[in-house]
Number of protein chains: 2
Amino acid sequence: MSLTHALLGLLATRPQSGYELTKAFEGDLGRYAWQAGHTSIYPELAKLAERGLVEVTAEGARGSKTYDVTDAGRAELRDWLMSPPSRQAKVRNEQVLRMFLLSALDRDDAVTLLRRIAASTAEQADVLRAIREEAGDVVPGPAGFGQLAAEYGLRQYETVSSWALWAIEQLQTPART
Amino acid sequence: MSLTHALLGLLATRPQSGYELTKAFEGDLGRYAWQAGHTSIYPELAKLAERGLVEVTAEGARGSKTYDVTDAGRAELRDWLMSPPSRQAKVRNEQVLRMFLLSALDRDDAVTLLRRIAASTAEQADVLRAIREEAGDVVPGPAGFGQLAAEYGLRQYETVSSWALWAIEQLQTPART
DNA sequence: AGATACATGTAAACGGTTACATGATTCA
DNA sequence: TGAATCATGTAACCGTTTACATGTATCT
């Protein structure tokens, strides 16, 4: 299960509470990679603790529990990350599904939709680019790992945006028969 | 539910049996966008028929049933495709999750993993490029809708591959402190 | 004092996967 | 004739989402 490894990975960067982990899934992680709400996170943490992959290292105010990965958890995570995904990895992307189904629309509708996609992805790329410029000034030297993910998102948006523009052109090219 | 609309979209391109729809999900559709096995497709087709969004237009050999979209189904599909995804669209991508969790690996492991990603995505891009060249000769004129999806996949792979190469460079740049 | 954010949990419903089951047709 | 492919279905299970539930600490 991917949630298992997502939690191990997040805890490997720093010990956190379930509440903080929940917030992490509301950011880029949930946006591009995997979603989870607190209602799946809390039970999963309990299961991981039972399996000895994580442990509660501190209990703070308001009943908060800080979890940390154990050595066994770290080993399990590395195993998962380094083992090539045996079969094809599972991908579920509603936005991409829409693109696959473009053929069900007439040309005008398809172009309208593609224009919207091009605009919104370009906009989101701009946002990420602005964030990168800011962060670039503050932290010089080799890119942090978080920056790798951010750059991934940026390039992703740029790619989709330019693809959409290309697709519009293709659809508008009159038939040569 | 996305499966609903995936089926409506596939049937909108041409009437098909559940068996044929199942095959469609085994190709690019299931690879990049959405997966479904026959055990979810057959019951879903029955539900769609009950709601009047599809109908059985022919029954062939070996008990096969050919489904087609109704006008109501077409309207429902257009609604879904054209309505901007209200909240953020659901994305689940195990491969991307791995990239987000790179930070849990030491530098050497991370580079090894990124190299593998760069190589495999470049390879898959090559495959798609080869297919495009072939198809390009056969079907001149404006791109078919299927070609839009194929181009999308190609650009996606190229982007991930070049990102991985960039990420490796970043990790190998010595700290400037 | 009241609103907001922090913090954790359970239970029912839902969607999808895996395992099980059956039978017809085609090909070697 | 036996294997592979075509073709459809059900049932149990599993992971996720939605709805429900509770209480604490901070800020205005």
Side-chain angles (χ1 to χ4, degrees), chain A residues 1-8 10-11 15-27 29-31 33-51 54 56-67 80 85-94 97, chain B residues 1-8 10-11 15-27 29-31 33-51 54 56-67 80 85-94 97:
Chain A
M1 211 210 328
S2 295
L3 177 56
T4 306
H5 299 103
L7 293 176
L8 289 176
L10 289 171
L11 290 175
Q16 289 170 82
S17 69
Y19 187 81
E20 289 171 296
L21 290 164
T22 303
K23 294 293 166 192
F25 279 95
E26 285 168 14
L29 182 66
R31 202 176 178 74
W34 207 266
Q35 299 121 250
H38 79 275
T39 54
S40 47
I41 292 168
Y42 290 124
E44 183 63 25
L45 283 171
K47 273 185 220 163
L48 288 173
E50 224 176 293
R51 289 173 59 197
V54 303
V56 177
T57 55
E59 302 201 24
R62 280 169 284 199
S64 85
K65 295 181 223 169
T66 303
Y67 287 87
W80 182 78
S86 41
R87 309 135 221 143
Q88 71 182 31
K90 288 158 214 158
V91 175
R92 276 218 154 87
N93 193 322
E94 210 176 286
L97 176 59
Chain B
M1 213 208 328
S2 295
L3 177 57
T4 307
H5 300 103
L7 293 175
L8 289 175
L10 289 170
L11 290 176
Q16 289 171 82
S17 69
Y19 187 81
E20 289 171 296
L21 290 165
T22 302
K23 295 291 168 195
F25 279 96
E26 285 169 15
L29 182 66
R31 201 178 178 73
W34 209 265
Q35 299 120 249
H38 79 275
T39 53
S40 46
I41 291 168
Y42 290 125
E44 183 63 25
L45 284 171
K47 273 185 220 164
L48 288 173
E50 224 177 295
R51 288 173 60 196
V54 303
V56 177
T57 54
E59 302 201 24
R62 279 170 284 200
S64 85
K65 294 182 224 169
T66 302
Y67 287 87
W80 183 77
S86 42
R87 305 135 223 144
Q88 70 182 32
K90 288 158 214 159
V91 175
R92 274 220 155 84
N93 193 321
E94 211 176 288
L97 177 59

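Every value quoted in this text rests on a predicted model; they were computed, and no experiment measured them. Here is the naming used below: chain letters follow the sequence lines, and residue numbers restart at 1 for every chain. Side chains are part of it too, since the values below use all heavy atoms of this structure and drop only hydrogens, waters and symmetry mates.
When the ring pair (Phe, Tyr, Trp, His ring centres under 6.0 Å) test is applied to Trp80(B), the partners found at least two apart in sequence or on another chain are His5(B). Applying the side chain to side chain donor-acceptor pair (under 3.5 Å) criterion to Ser17(B), with sequence neighbours excluded, gives Glu20(B). Scanning for ring pair (Phe, Tyr, Trp, His ring centres under 6.0 Å) contacts around Tyr42(B) gives His38(B), with sequence neighbours left out. In terms of the side chain to side chain contact (heavy atoms under 4.5 Å, CB included) criterion, residue partners of Thr57(A) (sequence neighbours excluded) are, by chain and number, Glu55(A), Thr66(A), Asp68(A). With sequence neighbours left out, Ala6(A) forms a side chain to side chain contact (heavy atoms under 4.5 Å, CB included) with Phe25(A), Leu97(B). Applying the side chain to side chain donor-acceptor pair (under 3.5 Å) rule to Thr4(B) yields the partners Glu44(B); only residues at least two apart in sequence or on another chain are considered. Partners of Lys23(A) by salt bridge (Lys or Arg N to Asp or Glu O under 4.0 Å), not counting sequence neighbours, listed by chain and number: Glu26(A). Every residue meeting the side chain to side chain contact (heavy atoms under 4.5 Å, CB included) condition with Glu59(A), not counting sequence neighbours, appears here in chain and number order: Val56(A), Lys65(A). Checked against side chain to side chain donor-acceptor pair (under 3.5 Å), Ser2(B) has the following partners two or more places apart in sequence or in another chain: Glu94(A).
Contact annotation for Ser17(A): backbone-only contact, meaning every heavy-atom pair under 4.0 Å involves sugar-phosphate atoms and none involves a base. Within the nucleic acid shown, Ser40(A) comes within 4.0 Å of at least one base atom, counting heavy atoms only.
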Tabulate atom names and distances for all N/O pairs under 3.5 angstrom spanning the protein and nucleotides 23-28 of chain D.
from: dA25(D); atom 1: O4'; to: Arg62(A); atom 2: NE; distance (Å): 3.4

Hey, what are the protein-to-nucleotides 10-15 of chain D N/O distances that come in under 3.5 Å?
none

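The nucleotide range of DNA chain C contacted by chain B, defined by atoms under 4.0 angstrom from heavy atoms of the protein and reported 5' to 3', is dG15(C) to dT25(C).
Once rounded to the nearest 0.5 Å, the distance linking NZ of Lys90(B) with CG of Asn93(A) reads 12.0 Å.
In terms of position along DNA chain D, the nucleotide closest to Thr66(B) lies nearer the 5' end than the nucleotide closest to the other residue of the pair Arg92(B) and Thr66(B). Projected onto DNA chain D by closest heavy-atom contact, Tyr67(B) and Lys23(B) fall at different nucleotides, the more 5' of which corresponds to Lys23(B).
As a whole-Å value, the separation of Tyr19(B) OH from dT8(D) P is 9 Å. To the nearest angstrom, C1' of dC6(D) lies 12 Å from CD of Glu26(B). With rounding to whole Å, Leu7(B) atom CG is found 13 Å from dT8(D) atom P.
The shortest side-chain heavy-atom distance between Leu7(A) and Val54(A) does not fall under the 4.5 Å cut-off.
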